[in-house]
Novice: 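There's a structure below that I have some questions on.
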2 protein chains.
Amino acid sequence: MKFEKTLLSGSNAMLILSLLSDGDKYGYEMVRELKRRSENVFELQEGTLYPLLHALEKSGDVKAYDKTTPAGRERRYYHLSEKGAQRLQEKIREWRFFSEGVNTVLGAAAPSLG
Amino acid sequence: MKFEKTLLSGSNAMLILSLLSDGDKYGYEMVRELKRRSENVFELQEGTLYPLLHALEKSGDVKAYDKTTPAGRERRYYHLSEKGAQRLQEKIREWRFFSEGVNTVLGAAAPSLG
DNA sequence: CAGTTTACATCGACAGTCAAGGTATGTCAA
DNA sequence: TTGACATACCTTGACTGTCGATGTAAACTG
């Protein structure tokens, strides 16, 4: 099933931070992990992810460091900072507030929603 | 409480259609009604609403007609078409699918969400 | 009769996302 | 060893949705 990409707006940062709250990860890994965790609902594009990671790094929500695998492959890992963890909690609150608001409006018009 | 405006992206059309599923309404009315129904969570801007209504009219999801109040005030009412009603149902499905996806990802990282 | 509310509308700017493309290296099978 | 594919990072230009500001005009209110 597909849904409008625009629904995603603003939630990607939250989802990224959420992934990182479970342990340090590198970009490419996040794309797969997000897809896996959401049961294929979300397919984060790299063109969205990398600029987002850079922005999160700049704002201090994540810290980046490089690491090379035994095989010799370079990876850029991201670590959730204390600030980022707080930001995640705030975003989760916002999300719940927002989604409940939507459901309230929908429920008012169509009580059979469930 | 505030939340990122960008979270709204894509959901406004659904909310508008939802309002209209409850009966014909004019623009200005929708702004107040949405605010009321969502318990002040959503404050739809007129600069967002009117272009959106025009787009929905163009796509055939709503039909517009003019009506003058006894007081002499002109109003442009919008009526949800059959096509619009179907579109609303589709958008609601998308929304539920999307929000459940988000909650799944958040839940995986923070099981204490409940 | 001045100020506020109602009512519709447009404009320029901005943020988030995407598709497409670019670079480079490791893996694996023919 | 060559060619295809997966990994891994990144940038660019375009598009969409929203916002804030602003405009216009009529009706209500003190």
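Chain letters run A, B, ... following the sequence lines, proteins first and then strands; every chain starts at 1.
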Novice: When you compare the side chain of B/Ile92 with that of B/Met14, does any pair of heavy atoms fall below 4.5 Å?
Specialist: yes
Novice: Test of understanding: with ring pair (Phe, Tyr, Trp, His ring centres under 6.0 Å), list the residues that count as partners of B/Tyr77, not counting sequence neighbours.
Specialist: B/Tyr26, B/Tyr65
Novice: Under 4.0 Å, counting only non-hydrogen atoms across every strand here, what does B/Gly27 touch: a base, just sugar-phosphate, or nothing?
Specialist: sugar-phosphate
Novice: Using whole Å, what does the distance between atom C1' of nucleotide C/dA19 and atom CD of A/Glu43 come to?
Specialist: 14 Å
Novice: Report the nucleotide, chosen from D/dC10, D/dT18, D/dT7, that has the shortest atom-to-atom distance to any side-chain atom of A/Arg75.
Specialist: D/dT7
Novice: Is the shortest side-chain heavy-atom distance between B/Leu19 and B/Leu80 below 4.5 Å?
Specialist: no
Novice: When you compare the side chain of A/Asp24 with that of A/Tyr78, does any pair of heavy atoms fall below 4.5 Å?
Specialist: no
Novice: Given D/dG17, is OP1 or OP2 found less than 4.0 Å from the side-chain N or O atoms of B/Thr48?
Specialist: no
Novice: If we ignore hydrogens and angles and just use 3.5 Å, is the side chain of B/Ser81 paired with the main-chain N or O of B/Asp61 as donor and acceptor?
Specialist: yes
Novice: What is the distance, rounded to the nearest whole Å, between atom CG of B/Leu53 and atom C1' of C/dA7?
Specialist: 12 Å
Novice: Measure the distance from OH on B/Tyr77 to P on C/dT6 and round it to the nearest whole Å.
Specialist: 14 Å
Novice: Find which nucleotide of DNA chain D each of B/Pro51 and A/Tyr50 is nearest to by heavy atoms, and output the residue with the more 5' nucleotide.
Specialist: A/Tyr50
Novice: For the side chain of B/Arg32, starting at C-beta, report the closest nucleotide among D/dC10, D/dT7, C/dT6.
Specialist: C/dT6
Novice: CZ of A/Phe42 versus C1' of C/dC18: gap in Å, rounded?
Specialist: 16 Å
Novice: Take the protein atom CG of A/Leu56 and the nucleotide atom P of D/dC10, then report the distance between them rounded to whole Å.
Specialist: 13 Å
Novice: Please report the distance, rounded to the nearest Å, between CE in B/Met30 and C1' in C/dA7.
Specialist: 12 Å
Novice: Whole Å only: how far is the CG atom of B/Leu52 from the C1' atom of C/dA9?
Specialist: 14 Å
Novice: Below 3.5 Å between N/O atoms, which protein atoms pair up with nucleotides 26-30 of chain D? Just atom names and distances, please.
Specialist:
from, atom 1, to, atom 2, distance (Å)
D/dA27, O4', B/Arg73, NH2, 3.0

Novice: When you compare the side chain of A/Trp95 with that of B/Asn103, does any pair of heavy atoms fall below 4.5 Å?
Specialist: yes
Novice: Is A/Tyr28 near enough to D/dT7 that one of its side-chain N or O atoms lies under 4.0 angstrom from OP1 or OP2?
Specialist: yes
Novice: Among B/Met30, B/Arg76, B/Lys58, which one satisfies side chain to side chain contact (heavy atoms under 4.5 Å, CB included) with B/Leu53?
Specialist: B/Met30
Novice: Any non-hydrogen side-chain atom of B/Val41 less than 4.5 Å from a side-chain atom of A/Phe98?
Specialist: no
Novice: With a 4.0 Å cut-off on heavy atoms, is B/Glu46 in touch with a base, just the backbone sugar-phosphate, or nothing at all?
Specialist: base
Novice: Of the listed nucleotides (C/dT17, C/dA7, D/dA8), which one gets closest to any side-chain atom of A/Asn12?
Specialist: C/dT17
Novice: Out of C/dC18, C/dC8, D/dA8, which has the shortest distance to the side chain of A/Gln45?
Specialist: C/dC18
Novice: Measure the distance from CG on B/Asp66 to C1' on C/dA7 and round it to the nearest whole Å.
Specialist: 12 Å
Novice: Has A/His54 got a side-chain N or O lying under 4.0 Å from the OP1 or OP2 atom of D/dC9?
Specialist: no
Novice: Using the side-chain heavy atoms of A/Tyr26, tell me which of these nucleotides is nearest: D/dT18, C/dA9, D/dA8.
Specialist: D/dA8
